[in-house]
Amino acid sequence: MAVPTYTLPKLPYAYDALEPSISSQIMTLHHTKHHQTYITNLNKALQASAAANAAGNLVDAAAQLSAIRFNGGGHINHSLFWEGLAPASSADTQHATAAPELTRAIEAQWGSVEAFREKFTAALLGIQGSGWGWLVKEGKASLRIATLANQEAVVEGGPGVIPLLGVDMWEHAYYLQYLNGKAAYVENIWSVINWRTAEARFLGQREDVFAGLRASL
């Protein structure tokens with residue numbers, strides 16, 4: 001049986017396109033080194049698991065589950081993260097025009113986009129250690145702010161959860177530029193959130209959101 005192989009997705013913009021919010025140096029290292037490492041280790045773990053299963057070795061197959069979960073989560077989270085960003089000069093970063101339906105849903109739940117931003121920012125800065133913050137949709141239109149530790153994949157929130165936008169709170173996402181200034185990183189990343197992508201996820205189906213994560217055989 002062929003084992004699926006995952007590959008690094010191309011960014012939909014240049015490495016320097018998100019400056020000054022996120023530097024070219026960080027984007028290059030984050031994408032080509034950190035994300036690539038998750039993919040490399042995921043493929044190794046999948047190969048080892050498949051070989052162990054083929055040999056009927058449950059113990060060795062089970063030993064790979066942690067690596068698959070961690071590295072698979074890293075690949076899922078980062079792939080969604082890249083798609084959820086856009087240059088600050090792009091019309092895609094204007095929530096009122098790029099995401100009118102999602103904007104209305106946010107206003108209905110939190111009162112205003114500004115109030116939502118405050119809640120989301122507080123959740124991000126409240127993460128202890130490494131992790132991720134997500135705005136997710138549950139059911140037809142219910143929104144929730146979720147935080148996950150390390151590389152727990154956003155899909156672990158449940159089978160009906162649709163991630164709309166996410167922010168990477170690992171130090172490798174900001175430290176070279178912001179040092180220990182997490183608050184400044186979070187403040188500036190709002191300038192490069194791709195609201196058009198968030199709107200498409202809000203209006204679309206769960207399988208559409210994860211369509212780009214399919215592996216090659």
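Keep in mind that the numbers below use all heavy atoms, side chains included, and drop hydrogens, waters and symmetry copies. Bear in mind that the values here come from a model prediction, so they are computed numbers and not experimental data.
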Criterion side chain to side chain donor-acceptor pair (under 3.5 Å) on H31 and H78, from CA distance to verdict: CA-CA 8 Å; H31 181 247; H78 282 90; over 6 Å; no

Check against side chain to side chain donor-acceptor pair (under 3.5 Å), Q36 and T40: CA-CA 6 Å; Q36 180 62 66; T40 299; 3.2 Å; yes

Crowding at CD, Q128 (>12 non-hydrogen neighbours, <6.0 Å): no

Residue K182 excluded, over 12 heavy atoms near NZ under 6.0 Å: yes

Transitive ILVMFWY side-chain link L148 to L65, under 4.5 Å: no

Hey, are the side chains of [X] and [Y] touching, using non-hydrogen atoms and a 4.5 Å cut-off?
X: N194; Y: L85; value: no
X: D168; Y: Y185; value: yes
X: V136; Y: L143; value: no
X: R69; Y: E152; value: yes
X: W82; Y: H35; value: yes
X: Q151; Y: N71; value: no
X: M27; Y: Y13; value: yes
X: H172; Y: H30; value: yes

Intermediate values then yes/no, side chain to side chain contact (heavy atoms under 4.5 Å, CB included), T93 and I193: CA-CA 6 Å; T93 62; I193 293 295; over 6 Å; no

Any side-chain to backbone donor/acceptor pair from [X] onto [Y]? Under 3.5 Å, distance only.
X: Q109; Y: S142; answer: no
X: D92; Y: T197; answer: no
X: D208; Y: G204; answer: no
X: E138; Y: V161; answer: no

Distance-only side-chain donor-acceptor flag, W190 / S21, under 3.5 Å: no

Quick check for you: to the nearest 0.5 Å, what is the distance between [X] atom [atom1] and [Y] atom [atom2]?
X: Y175; Y: L179; atom1: OH; atom2: CG; result: 5.5 Å
X: K44; Y: I68; atom1: NZ; atom2: CD1; result: 14.0 Å
X: S130; Y: M169; atom1: OG; atom2: CE; result: 9.5 Å
X: L165; Y: I145; atom1: CG; atom2: CD1; result: 9.5 Å
X: L203; Y: E199; atom1: CG; atom2: CD; result: 4.5 Å
X: I162; Y: F210; atom1: CD1; atom2: CZ; result: 8.0 Å

Closest approach of [X] to [Y] (non-hydrogen atoms, all atoms of both residues):
X: T97; Y: A91; value: OG1-O, 4.4 Å
X: L102; Y: L164; value: CD1-CD1, 3.8 Å
X: V209; Y: P163; value: CG1-CG, 3.9 Å
X: V192; Y: L18; value: CG1-O, 4.0 Å
X: A153; Y: G73; value: CB-CA, 3.8 Å
X: K33; Y: T37; value: O-OG1, 2.6 Å

Evaluation steps, side chain to side chain contact (heavy atoms under 4.5 Å, CB included), between L135 and F116: CA-CA 10 Å; L135 173 65; F116 157 69; 3.8 Å; yes

Ring pair (Phe, Tyr, Trp, His ring centres under 6.0 Å), paired with F81, selected from W134, W132, Y38: W132

Criterion ring pair (Phe, Tyr, Trp, His ring centres under 6.0 Å) on H75 and H34, from CA distance to verdict: CA-CA 10 Å; H75 179 39; H34 292 283; over 10 Å; no

Lys/Arg-Asp/Glu bridge criterion (N-O < 4.0 Å) met for E83, R201: yes

Charged N-O contact under 4.0 Å between E114 and R117: no

E101 and R104: CA distance, side-chain angles, deciding distance, salt bridge (Lys or Arg N to Asp or Glu O under 4.0 Å) verdict: CA-CA 5 Å; E101 295 299 323; R104 279 191 280 272; 2.5 Å; yes

Side chain to side chain contact (heavy atoms under 4.5 Å, CB included) assessment of I22 paired with Y174: CA-CA 7 Å; I22 306 177; Y174 63 85; over 6 Å; no

Candidate pair S24 and E19, rule side chain to side chain contact (heavy atoms under 4.5 Å, CB included), full reasoning: CA-CA 7 Å; S24 175; E19 291 186 339; 3.3 Å; yes

